[in-house]
Amino acid sequence: MDVSKLKADRLKKLGQLKELGINPYPYKFERSHLASQLQELYKELPKGSENEDQVTVCGRIMNSRNNWLFTDIHDDSGKIQLFCHKDSLPEEQFNMLKLLDKGDFVGCTGTMKRTPAGELSVRAKNLVILSKSLLPLPDGWEGFTDVEARYRHRYVDMITNPEVRDTLRKRSLTIRHMRNFLDDHGYLEVETPTLQVEAGGADARPFVTHHNALDIDLYLRIATELHLKRMIIGGMERVYEIGRIFRNEGISTRHNPEFTMLEMYCAYGDYNQLMDFTEEMLRYIAEKLLGTAELVYQGKNISFAKPFRRLRMADAIKEVTGLDVSTLKTNEEAKAAAVKLGVELENKDSRGHIINAIFESKVEHTLIEPTFLMDHPVEISPLTKIHRTNQGEVERFELFVYGRELANGYSELSDPQDQRERLEEQAKKKAAGNEEAMPLDLDFIMAMEYGMPPTMGIGIGIDRLVMLLTDSPSIRDVIAFPTMKPIKHQ
RNA sequence: GCGCCCGUAGCUCAGCCGGUAGAGCACUCGGCUUUUAACCGAUUGGUCGUGCGUUCGAGUCGCACCGGGCGCACCA
């Protein structure tokens with residue numbers, strides 16, 4: 001069956017509706033109840049009985065049986081059956097039924113009934129079409145499962161697969177609970193530029209765009225960090241931004257080129273305090289969203305209720321590989337140790353990068369339960385304060401859950417001279433061809449020279465958090481319209 | 001970017017060693033009619049992702065391309 005023939009059938013019905021003087025695309029409709037409200041309100045209505053309570057519902061026709069006698073409509077809340085019998089409907093409306101199709105929107109006023117089979121129904125007494133659908137929806141028991149088609153036509157996915165809407169609803173609620181938590185703790189939500197002259201604050205390749213009037217290239221931000229810290233310097237002591245970040249990198253089940261990140265900064269705190277705060281916030285969000293902080297993700301139990309494990313990176317490596325990284329004094333010794341462990345070292349030369357590579361290759365995937373992995377090498381953390389006691393380390397933590405990085409926080413570097421040296425080091429790497437190294441942001445250093453208070457700051461990947469909370473295997477499941485390669489027409 | 005796998009009807013899928021393109025659901029028509037139908041009967045419906053090649057003959061074999069999935073890499 002050519003889809004154009006299916007469409008032609010529906011166009012013919014559309015024409016017939018118009019000939020009957022019916023507007024298939026009216027302007028508004030007022031309902032009295034959502035489907036779920038009726039299901040709740042009349043859950044005690046016995047089988048085979050009905051009453052005179054008048055209700056008005058509307059939604060999309062998803063199924064019908066017996067020549068429209070039993071017609072299921074779905075609204076955002078759920079499903080309700082319309083009982084369309086010729087004795088209850090005006091004749092012209094009863095005749096209109098055969099001009100309807102699955103996928104059409106209708107509105108219906110009627111009385112409440114529960115059929116002998118037990119299905120709560122609205123006995124239709126007035127039925128109007130609210131929109132004619134011209135294309136067939138996927139149906140049958142198999143449903144709509146083709147992964148590419150689902151993401152390319154996400155609206156069909158949303159219509160057909162209710163869990164899609166549920167996941168996106170939970171995404172919205174996750175962010176709402178997060179906002180509430182931060183607002184309740186005295187944080188101010190702010191906005192910082194998406195278009196930037198230099199994209200800094202993370203190790204990532206940016207997207208480039210062009211401003212015509214200024215005739216300059218601009219970069220889409222890869223982090224909000226440097227601007228939020230400018231606000232801390234400016235005296236705004238607790239700020240956060242939940243915003244879209246763009247990174248010009250590969251696409252996978254855990255990566256979308258644009259994703260949403262929370263970054264928050266708080267003056268006068270350090271990373272120890274921040275770990276407590278992060279734990280408390282995640283526990284709060286899970287309990288508000290799911291009613292429990294005990295999660296199940298892809299068949300594994302993950303507890304946000306218990307205190308998160310805190311593990312130094314050096315200890316983690318020692319635990320898994322037996323290697324004591326404190327004995328590695330030089331780049332060469334580090335490299336030799338990594339090679340001995342079979343760790344791939346592409347373009348990684350510094351001791352810190354090599355230690356991090358060992359961690360990522362040997363340890364990261366083992367961190368299933370929430371774990372704060374602490375005290376990273378200084379070389380991989382150019383915006384972080386030097387550890388107050390441990391040589392060569394910084395006061396940083398990454399939160400790992402299910403072997404994936406969920407958050408990254410630290411005691412923010414506030415010494416402008418140290419910051420300048422570290423960014424100059426980054427700029428050298430960038431000049432040497434490392435596209436992910438940070439640029440030398442002189443204005444940021446100048447801001448810090450005016451004086452920056454001790455500060456704690458964290459970034460949390462919202463998409464990955466929602467994946468965990470909704471047991472979604474792919475980041476695309478938690479993004480309404482994930483990035484897709486366009487189809488090439490020849 | 002690399003590796004493995006996939007692409008056949010609107011949807012979900014068969015199609016073996018190369019020999020006339022199939023099923024279920026949906027659609028259309030008919031039957032039944034305060035009944036749950038995922039029913040009964042009939043009819044429709046396909047440049048087998050695209051191109052080139054091998055062959056008497058290609059959905060099937062080969063090559064290239066397009067699109068996708070998963071994994072790796074990079075990162076959050």
Side-chain angles (χ1 to χ4, degrees), chain A residues 1-10 12-13 47-48 50 63-72 81 83-89 98 101-103 113 115-119 121 123-124 134-153 156 160 201-205 222-223 225 245-263 344 346-348 356-357 360-361 364-365 380 398-401 404-409 434-436 458-467 473-476 484-490:
Chain A
M1 183 68 72
D2 187 337
V3 70
S4 66
K5 286 177 186 156
L6 296 167
K7 190 172 168 182
D9 283 337
R10 293 180 176 223
K12 195 174 155 195
K13 290 175 183 170
K47 281 182 186 178
E50 52 185 306
N63 199 7
S64 79
R65 294 166 292 279
N66 279 29
N67 286 331
W68 301 101
L69 181 62
F70 305 101
T71 298
D72 297 336
Q81 177 171 277
F83 182 78
C84 302
H85 195 267
K86 62 176 175 233
D87 290 350
S88 309
L89 276 170
K98 58 176 169 290
D101 285 288
K102 285 170 198 175
K113 166 189 175 75
T115 64
E119 192 68 38
S121 311
R123 175 187 283 278
L134 300 179
L135 292 171
L137 289 169
D139 52 12
W141 295 103
E142 303 84 3
F144 187 47
T145 58
D146 182 88
V147 179
E148 176 187 357
R150 286 183 55 197
Y151 292 133
R152 282 202 190 279
H153 304 287
V156 179
T160 313
D203 299 330
R205 292 166 66 181
I222 56 171
E225 175 157 357
I245 302 295
F246 305 87
R247 295 189 183 174
N248 208 337
E249 287 161 354
I251 297 175
S252 78
T253 48
R254 277 143 291 172
H255 302 85
N256 200 61
E258 51 178 310
F259 63 100
T260 303
M261 191 154 75
L262 163 75
E263 283 199 43
E344 298 255 348
E346 267 178 60
N347 306 322
K348 293 192 175 69
N356 189 51
E360 287 181 355
S361 143
E364 182 169 344
H365 63 274
I380 61 167
E398 290 175 289
L399 175 60
F400 287 92
V401 182
R404 297 175 187 165
E405 185 180 351
L406 185 65
N408 180 20
N434 184 342
E435 289 183 83
E436 290 171 7
I458 189 172
I460 299 180
I462 300 281
D463 312 85
R464 287 188 180 174
L465 176 60
V466 176
M467 284 169 73
S474 170
I475 197 169
R476 291 176 159 191
M484 297 290 285
K485 202 168 177 176
I487 298 172
K488 265 192 195 168
H489 298 282
Q490 293 174 342

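Residue numbers start from 1 in every chain, and the chains themselves are labelled A, B, ... in the order their sequence lines are given, proteins ahead of strands.
As judged by a 4.0 angstrom heavy-atom cut-off over every strand, A:Ile475 is placed among the base-contacting residues. Residue A:Ile460 is classed as having no contact, given no heavy-atom separation below 4.0 Å to the nucleic acid. Residue contacts shown for A:Asn408 are absent, as no nucleic acid heavy atom lies under 4.0 Å away. The residue A:Ala204 sits apart from the nucleic acid: no heavy atom pair falls under 4.0 Å. Residue-level contact check: A:Asn256 touches the bases, meaning some heavy atom is under 4.0 Å from a base atom. Residue-level contact check: A:Gln81 touches the bases, meaning some heavy atom is under 4.0 Å from a base atom. Across all strands, A:Asn67 comes closer than 4.0 Å to base atoms (heavy-atom distances). Among the protein residues, A:Lys13 comes within range of the sugar-phosphate backbone only, with heavy atoms under 4.0 Å from sugar or phosphate atoms but none that close to a base.
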Tabulate protein N/O versus nucleotide N/O from nucleotides 6-8 of chain B, keeping only pairs under 3.5 Å, one per line.
none

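Residues satisfying the side chain to side chain contact (heavy atoms under 4.5 Å, CB included) test with A:Pro473, not counting sequence neighbours, are A:Gln298, A:Asp477. For A:His153, the side-chain hydrogen bond (donor to acceptor under 3.5 Å, both in side chains) test picks out A:Tyr155, with sequence neighbours left out. Taking A:Arg254 as the reference, nothing meets the side-chain hydrogen bond (donor to acceptor under 3.5 Å, both in side chains) condition, with sequence neighbours excluded. Listed by chain and number, the residues in a side chain to side chain contact (heavy atoms under 4.5 Å, CB included) with A:Asn248 are A:Arg205, A:Phe207 (sequence neighbours excluded). For A:Glu258, the side-chain hydrogen bond (donor to acceptor under 3.5 Å, both in side chains) test picks out A:Arg244, with sequence neighbours left out. A:Arg65 meets the side chain to side chain contact (heavy atoms under 4.5 Å, CB included) test with A:Asn63, A:Phe70, A:Asp72, A:Gln81; sequence neighbours excluded. A:Glu249 pairs by the side-chain hydrogen bond (donor to acceptor under 3.5 Å, both in side chains) definition with nothing, not counting sequence neighbours.
Rounded to whole Å, the separation between the C1' atoms of B:G19 and B:U55 comes to 12 Å. Straight-line distance between the P atoms of B:A73 and B:G68: roughly 22 Å, to the nearest whole Å. Look at the P atom in both B:C17 and B:C75: the space between them is 45 Å, to the nearest Å. When the P atom is compared between B:A58 and B:C40, the two are found 39 Å apart, to the nearest whole Å. Atom C1' of B:G41 sits at a distance of 32 Å from the matching atom of B:G59, rounded to the whole Å. Rounded to the nearest Å, the gap between the C1' atom of B:G24 and that of B:U44 is 16 Å. Between the C1' atoms of B:A14 and B:C25, the separation comes to 15 Å (whole Å). With C1' as the reference atom, B:C13 and B:U8 are 9 Å apart, rounded to whole Å.
In this structure, CZ of A:Arg254 is placed 14 Å from P of B:C75, rounded to the nearest angstrom. Computed from coordinates, the A:Arg404 CZ to B:A73 P distance equals 14 Å when rounded to whole Å. In this entry the distance linking CG of A:Asn356 with P of B:A73 reads 13 Å, nearest Å. The nearest whole Å value for the distance from the NE2 atom in A:His153 to the P atom in B:G10 is 13 Å. Per the geometry, CZ belonging to A:Arg10 stands 14 Å off P belonging to B:G10, to the nearest Å. In this structure, the CD1 atom of A:Ile380 is 14 Å from the C1' atom of B:C74, given to the nearest Å. In this structure, the CG atom of A:Leu89 is 13 Å from the C1' atom of B:U34, given to the nearest Å. When the P atom of B:A37 is taken as reference, atom NZ of A:Lys102 falls 14 Å away, rounded to whole Å.
Annotated as anti: B:C66, whose O4'-C1'-N torsion sits more than 90° from 0.
Checking B:G71, B:U28, B:U36 against every side-chain atom of A:Arg65, the shortest atom distance belongs to B:U36. Of all nucleotides listed (B:U36, B:U34, B:C74), B:U36 comes nearest to the side chain of A:Ser121. The side chain of A:Arg152 has B:G68 as its nearest neighbour among B:C75, B:G68, B:G10. Side-chain atoms of A:Thr115 lie closest to B:U36 of the nucleotides B:U36, B:C75, B:U28. With B:A37, B:C75, B:U34 as the candidates, the nucleotide lying closest to the side chain of A:Asn66 is B:A37. Distances were taken from every side-chain heavy atom of A:Glu119 (C-beta onward) to each of B:U36, B:C75, B:C27; the shortest belongs to B:U36. Among the nucleotides B:U36, B:U35, B:A73, the one closest to any side-chain atom of A:Leu69 is B:U35. The side chain of A:Ser474 has B:C70 as its nearest neighbour among B:U36, B:C27, B:C70. When each of B:U36, B:U35, B:C75 is scored by its nearest atom to the side-chain atoms of A:Glu249, the top-ranked nucleotide is B:C75. The A:Met484 side chain lies nearest to B:G68 when the options are B:U28, B:G68, B:A26.
Between the side chains of A:His255 and A:Ser252, at least one donor-acceptor pair of N or O atoms lies under 3.5 Å.
In this structure, A:Lys113 NZ and A:Phe83 CZ are separated by 4.5 Å, a value rounded to the nearest 0.5 Å. In this structure, CD1 in A:Ile460 is found 6.5 Å from CG in A:Leu406, a value given to the nearest 0.5 Å.
Stem regions annotated for RNA chain B: B:1-7 with B:66-72, B:10-13 with B:22-25, B:28-31 with B:39-42, B:49-53 with B:61-65, counting only runs of 3 or more consecutive pairs of Watson-Crick or G-U type with both contacts under 3.5 Å.
One N or O donor and one acceptor, one from the side chain of A:Arg123 and one from the base of B:U34, sit under 3.5 Å apart.
Taking 4.0 angstrom as the limit, A:Thr253 places none of its side-chain polar atoms (N or O) nearer than this to OP1 or OP2 of B:C70.
In this structure, A:Tyr151 and A:Gly250 both approach RNA chain B, and ranking their closest nucleotides by distance from the 5' end singles out A:Tyr151. When each of A:Glu360 and A:Lys86 is assigned the nucleotide of RNA chain B with its nearest heavy atom, A:Lys86 is the one assigned upstream, toward the 5' end.
When all heavy atoms of A:Ala223 and A:Ile245 are compared, the pair lying nearest together is CA-CD1, 3.8 Å. Considering every non-hydrogen atom in both A:Ala202 and A:Arg247, the closest pair reads CB-NH2, 3.4 Å.
A donor-acceptor contact shorter than 3.5 Å links the side chain of A:Asp463 to the backbone of A:Thr260.
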